[in-house]
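Following: one structure in structure tokens, then a few remarks.
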Amino acid sequence: MQDHPFYALHTHGLIRVAAATPAASVGDARANAAAMLDLARRGDEDGVDLIVFPELSLTSYAIDDLHLQGAMHGATLDALGEMVDASAALSPVMLVGAALPRNGRLYNCAVAIARGRILGVVPKTFLPNYREYYEKRWFASGAGLTGLTIEIDGQSVPFGTDLIFAAEDVPGFVFHAEICEDYWAPTPPSTFGALAGATICCNLSASNIVIGKARDRAMLAAAQSARATCAYIYSAAGIGESTTDLSWDGQGL
């Protein structure tokens with residue numbers, strides 16, 4: 001780390017972060033992993049410490065009932081393994097969106113990856129099920145799931161909504177992850193993450209765009225940053241995502 005050209009940032013107590021939106025390949029986990037790794041390598045060159053990708057970024061969001069297909073779960077795990085292997089040569093921590101099965105249920109998750117391993121998996125708490133959203137058709141809520149583990153590629157990995165991640169070599173680099181609807185809720189999980197010591201709160205999102213929504217997202221991110229006294233990173237799904245009459249704008253904050 002000390003040989004990195006941006007090491008001076010850390011000596012001043014600064015963390016360099018990125019909200020990254022790759023071009024989506026709907027239902028193609030390997031292509032999505034490759035697109036995210038391209039951005040991660042760019043982030044590595046730019047001295048980025050933390051990269052936040054969109055919700056369900058490994059498969060893309062708009063695959064509807066394909067979320068439940070076993071073949072899709074297998075492809076997700078294979079692509080996730082490729083990202084973990086590639087991360088060994090990259091400086092940034094990556095937050096990647098993936099649908100992962102556990103104990104017969106499927107969870108919409110944020111997966112924290114760094115230096116060749118998975119640090120932990122955070123399931124989405126609040127599942128939108130109104131208007132164009134029907135996530136309860138596919139996913140189980142992570143509400144109340146704490147102190148657990150999930151098996152991924154033979155490894156037992158921390159799993160739950162109670163996870164925060166702290167760097168051992170960069171003081172003050174402590175982050176929390178929540179997913180899309182979580183920060184639209186009256187009690188965002190990031191509030192509890194900040195109370196537990198997180199200095200950076202992250203949101204992996206696949207929020208579709210309608211008139212005025214970009215302003216609302218910016219307001220929510222700014223309000224949560226001020227209320228929780230933390231930096232807030234928001235990354236929304238973008239180009240290539242839509243398979244229906246919905247649109248995604250790739251807003252990053």
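The first residue of the sequence shown is numbered 1, and numbering continues consecutively from there. Values below: all heavy atoms of this structure, side chains included; hydrogens, waters and symmetry mates excluded.
Donor-acceptor pairing under 3.5 Å is recorded for the side chains of Thr191 and Gln224. Side-chain N/O atoms of Glu135 and Asn129 include no donor and acceptor closer than 3.5 Å. Counting only N and O atoms by type, the side chains of Lys124 and Ser141 include no donor and acceptor under 3.5 Å apart.
In this structure a side-chain-to-backbone donor-acceptor pair under 3.5 Å is present from Ser225 to Cys230. Judged purely by atom type and a 3.5 angstrom limit, Trp248 has no side-chain atom pairing as donor or acceptor with the backbone of Ala236. The main-chain N or O of Gly172 is found under 3.5 Å from a side-chain atom of Thr199 such that the two form a donor-acceptor pair.
One finds the CZ atom of Arg30 at 12.0 Å from the CG atom of Asn32 (value rounded to the nearest 0.5 Å). A distance of 11.5 Å separates CD1 of Ile51 from SG of Cys202, quoted to the nearest 0.5 Å. Taking CG from Leu95 and OG from Ser57, the interatomic distance works out to 9.5 Å, rounded to the nearest 0.5 Å. Between the OG atom of Ser205 and the CG atom of Asp182 there is a distance of 10.0 Å, given to the nearest 0.5 Å. How far CZ of Arg16 is from CG of Leu14: 9.0 Å, rounded to the nearest 0.5 Å. Here the straight-line distance linking atom CG of Leu66 with atom CG of Asp64 works out to 7.5 Å at 0.5 Å rounding.
Comment: Asp249 engages Arg217 in a salt bridge, judged by a side-chain N to carboxylate O separation of less than 4.0 angstrom. Note on Asp85 versus Arg117: no salt bridge recorded, every NZ/NE/NH1/NH2 to OD/OE distance being 4.0 Å or above. Of the charged side-chain nitrogens involved, none lies within less than 4.0 Å of a carboxylate oxygen, so that Arg41 and Asp44 do not count as a salt-bridged pair.
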Take Val96 and Met83 through the side-chain contact (heavy atoms from CB on, under 4.5 Å) test and state the conclusion after the steps.
CA-CA 9 Å; Val96 175; Met83 295 199 69; 3.8 Å; yes

Would Asp49 and Val93 satisfy side-chain contact (heavy atoms from CB on, under 4.5 Å), going step by step from the backbone distance to the final call?
CA-CA 6 Å; Asp49 298 298; Val93 179; over 6 Å; no

From CA spacing to verdict: side-chain contact (heavy atoms from CB on, under 4.5 Å), Thr146, Leu148:
CA-CA 6 Å; Thr146 60; Leu148 302 175; over 6 Å; no

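Under the 4.5 Å side-chain heavy-atom criterion for grouping Ile, Leu, Val, Met, Phe, Trp and Tyr, Ile150 is connected to Leu145 within one hydrophobic cluster. If you chain together hydrophobic residues whose side chains sit under 4.5 Å apart, Ile179 and Phe175 never meet in one group. Tracing side-chain contacts under 4.5 Å through hydrophobic residues (I, L, V, M, F, W, Y), one never reaches Ile209 starting from Tyr61; they form parts of separate clusters. The hydrophobic clustering, which links ILVMFWY residues whose side-chain heavy atoms are closer than 4.5 Å, places Val121 and Phe53 together. Transitive grouping of hydrophobic side chains (ILVMFWY, heavy atoms separated by less than 4.5 Å) keeps Leu100 and Met72 in distinct clusters.
Grouped with Leu253 in one hydrophobic cluster are Tyr183, Trp184, Met219, Leu220, Tyr232, Tyr234, the linkage being side-chain heavy-atom contacts under 4.5 Å among Ile, Leu, Val, Met, Phe, Trp and Tyr residues. Taking a 4.5 Å side-chain heavy-atom cut-off between Ile, Leu, Val, Met, Phe, Trp and Tyr, the cluster of Ile164 extends to Val174.
Checked against ring-ring contact (aromatic ring centres under 6.0 Å, His included), Tyr134 has the following partners two or more places apart in sequence or in another chain: Trp138. When the ring-ring contact (aromatic ring centres under 6.0 Å, His included) test is applied to Phe126, no partner is found at least two apart in sequence or on another chain. Under the rule for a ring-ring contact (aromatic ring centres under 6.0 Å, His included), the partners of Phe159 that lie at least two apart in sequence or sit in another chain are Tyr107. By the salt bridge (charged side-chain N to carboxylate O under 4.0 Å, His left out) test, Arg227 is found to be paired with no residue, residues two or more places apart in sequence or in another chain being considered.
When ring centroids are compared, Phe192 and His176 stay outside the 6.0 Å threshold.
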